[in-house]
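Each ligand, and each atom within it, is numbered from 1 in the order the structure gives.
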Amino acid sequence: MKVTLSVIKADIGGFPGHVSVHPDLMKKAEEKLKEARQSGLIIDFKILAAGDDLELIMTHTKGTDNEEIHKLAWDTFLAATEVAKELKLYGAGQDLLTDTFSGNVKGMGPGVAEIEMEERPSEPVLVFMADKCSPAAWNLPLFRIFADPFNTSGLVIDPKMTDGFKFEIHDIKENKRVFLKTPEDTYTILALIGNTSRYVIKSVESATLGITAAVASTQRLSLIAGKYVGKDDPVLIVRAQNGLPSVGEITEAFAFPHLVEGWMRGSHNGPLMPVSFKDARPLRFDGPPRVICAGFQLANGTLHGPVDMFDDPAFDLTRQKASEIAEYMRRHGIFEPHRLPAEEMEYTRLPQVLKKLEGIFEDID
Ligand code: F6R
Ligand code: MG
Ligand code: MG
């Protein structure tokens, strides 16, 4: 039996402002997905929140990009949006960019990461969910996990990993993709993915096992909507162990709080702080950007878990470092590089402000 793990998320109203998901929205989503489990449409589900993003984690046998599953997610977001409107939550329905569902939630606002898999004899899976950052936030940790032996000892020690991994990289501006393989294409991969405003790792496959090891969401809301409509706040699924990086090699990549774009008004760079589920509430300057990780064992589609993977004092130093970096970046105020470079600000509201100046600029001789 092939099982599909679908993680579909949307910000459909914040509490207060853009901080968290109101418990009533979680309850409504729970109710909808329980019905779907009872009817047999899905095998199992878990609902989580990362900042103001409602995260639906579902298993089923219908494959990726399945219309019924995407419609279930869409209808769940719509039902929860109704609750958000009643409570007058902030930005109710903000990520639902169209009125009518047209077969697939991609391009409609919600973020999606899905893997269809033949379950291995044991199937450990990690789901990462971030708030206040863009999809390229996963580029650096995914490279570390699957290509950097200083992070992942298995790349050197495990014979099932020494042949490397195949990376699918998307150019989100030109809507193109390329497949490159480690270790031979390592430098080319870095030449692309270091440009985080344009290139995003979509998936990673094991060269030896021929199975998908990781899938990320790559939707860019602003590119879909043509204007700033909130940050993308991506999700990522990573399978672990037995020829793939271990659970600990995967979480280790988040021990360095690297800079990501998306803090305050989607317009600032800040450190990505790994936190427990309860701390996934960006309370300082709408940030700093956060990431949570839910650990599961899959058993015939049943989701055993989640284990709250960053709820560990071993990540305290990372959080401390992230707070120091946050403080340092904040002292720059509206100056780059805390503020994003001009090209990245084109979808924010800044162009409206600058428009006023058009008539008063003069030529310099
Ligand atoms: C939203 C976000 C927030 C908002 C900010 C301004 O994802 O990151 O920082 O951009 O709170 O929100 P508005 O413009 O809705 O008042
Ligand atoms: Mg929001
Ligand atoms: Mg968010």
Sorted by chain and residue number, which protein N/O/S atoms are under 2.8 Å from the Mg ion (ligand 3)? Asp52 OD1, Asp53 OD2, Asp131 OD1, Asp233 OD2
Check for a donor-acceptor pair, side chain of Lys321 on one end and backbone N or O of Pro271 on the other, with a separation under 3.5 Å. no
Which residue pairs pass the side chain to side chain donor-acceptor pair (under 3.5 Å) test when at least one of the two sits in residues 283-294, sequence neighbours left out? Arg284-Glu327
Taking Thr152 for the side chain and Leu155 for the main chain, is one N or O donor matched with an acceptor at less than 3.5 Å? no
Review item, side-chain donor-acceptor pairs of residues 130-139, under 3.5 Å, at least two apart:
unit_1 : atom_1 : unit_2 : atom_2 : d
Lys132 : NZ     : His18  : O      : 2.7
Lys132 : NZ     : Asp52  : OD2    : 3.2
Trp138 : NE1    : Val235 : O      : 3.2
Asn139 : OD1    : Ile201 : N      : 3.0
Asn139 : ND2    : Ile193 : O      : 3.1
Asn139 : ND2    : Tyr199 : O      : 2.7

Would you indicate whether the side-chain heavy atoms of Ile57 and Ile47 approach each other to under 4.5 Å? no
Polar-atom distance check: Arg349 versus ligand 1, any N or O pair below 3.5 Å? yes
Ignoring hydrogens and angles, state whether a donor on the side chain of Thr4 or Glu114 is under 3.5 Å from an acceptor on the partner side chain. no
Using the salt bridge (Lys or Arg N to Asp or Glu O under 4.0 Å) criterion, which residues pair with Asp279? Sequence neighbours excluded. none
Side chain or backbone of Met264 under 4.0 Å from ligand 1, or both, or neither, by non-hydrogen atoms? both
Backbone or side chain, does any N or O of Asp52 fall under 3.5 Å from an N or O of ligand 1? no
Any side-chain donor paired with an acceptor under 3.5 Å for Asn104 and Ser102? no
Mind checking whether Tyr90 has a heavy atom under 4.0 Å from ligand 1? yes
